[in-house]
Amino acid sequence: MSNVHDLPEIDAKKTAKNIKRMMKKCRMDHFNLALILRLRSTSTIYSWTQGRCVPSAESLLQLANIFGCQIEDLIGVKDDSEGEEDYEL
């Protein structure tokens with residue numbers, strides 16, 4: 001059985017970088033992406049691209065469809081060495 005500390009975690013900053021990369025590749029700005037996703041404003045897109053929050057599973061699915069990629073291409077995963085402290089239970 002896997003140790004709970006071995007489970008992957010989503011890295012919001014890396015995910016933001018991946019979303020920005022795909023937006024650039026598809027020549028899409030925040031406004032147009034918000035329109036396609038039927039969002040009322042661009043604030044959600046800015047939150048994603050600044051790493052303040054991570055898109056929901058449904059939004060990730062929609063983004064992957066829009067960008068023509070896999071969800072895995074959008075999600076950034078934390079490295080094991082990123083600020084994790086080992087401790088015993």
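As a basis for the values below, the full set of heavy atoms in this structure was taken, side chains included, without hydrogen atoms, waters or symmetry mates.
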Query raised in the report: Tell me, which pairs form a ring-ring contact (aromatic ring centres under 6.0 Å, His included) where one or both residues lie in residues 7-27, sequence neighbours left out?
Result: none
Report summary line: Scanning both residues in full, the closest heavy-atom pair of Asp73 with Arg21 reads O-NH2, 3.3 Å
Report summary line: In short, Gly51 meets Ala12 closest at the heavy-atom pair O-CB, 3.4 Å
Query - ring pair (Phe, Tyr, Trp, His ring centres under 6.0 Å) against Phe31, all qualifying residues, sequence neighbours excluded - result: none
Taking distance alone, no hydrogens or angles, what donor-acceptor pairs closer than 3.5 Å link side-chain atoms of residues 39-46 to residues at least two apart or in another chain?
from: Ser41; atom 1: OG; to: Ser43; atom 2: N; distance (Å): 3.3
from: Ser41; atom 1: OG; to: Ser43; atom 2: OG; distance (Å): 2.9

Query - Contacts of type side-chain hydrogen bond (donor to acceptor under 3.5 Å, both in side chains), residue Thr49, not counting sequence neighbours - result: His30
Query raised in the report: Would you find a donor on one side and an acceptor on the other, under 3.5 Å apart, between the side chain of Asp11 and the backbone of Lys78?
Result: no
Query raised in the report: Are Leu35 and Trp48 connected in the hydrophobic side-chain network, where two residues link if heavy atoms are under 4.5 Å apart?
Result: no
Query raised in the report: Can you name the nearest heavy-atom pair linking Lys13 to Gln50, along with the distance?
Result: NZ-O, 3.1 Å
**Report entry** Sequence-distant partners of Asn32, side-chain hydrogen bond (donor to acceptor under 3.5 Å, both in side chains), two or more places apart
**Finding:** Asp29
Query raised in the report: Closest heavy-atom contact between Gly76 and Lys14?
Result: CA-CB, 3.7 Å
Enumerate donor-acceptor pairs with a distance under 3.5 Å from any side-chain N or O in residues 53-67 to protein atoms, sequence neighbours excluded.
from: Ser56; atom 1: OG; to: Ser59; atom 2: N; distance (Å): 3.1
from: Ser56; atom 1: OG; to: Ser59; atom 2: OG; distance (Å): 3.2

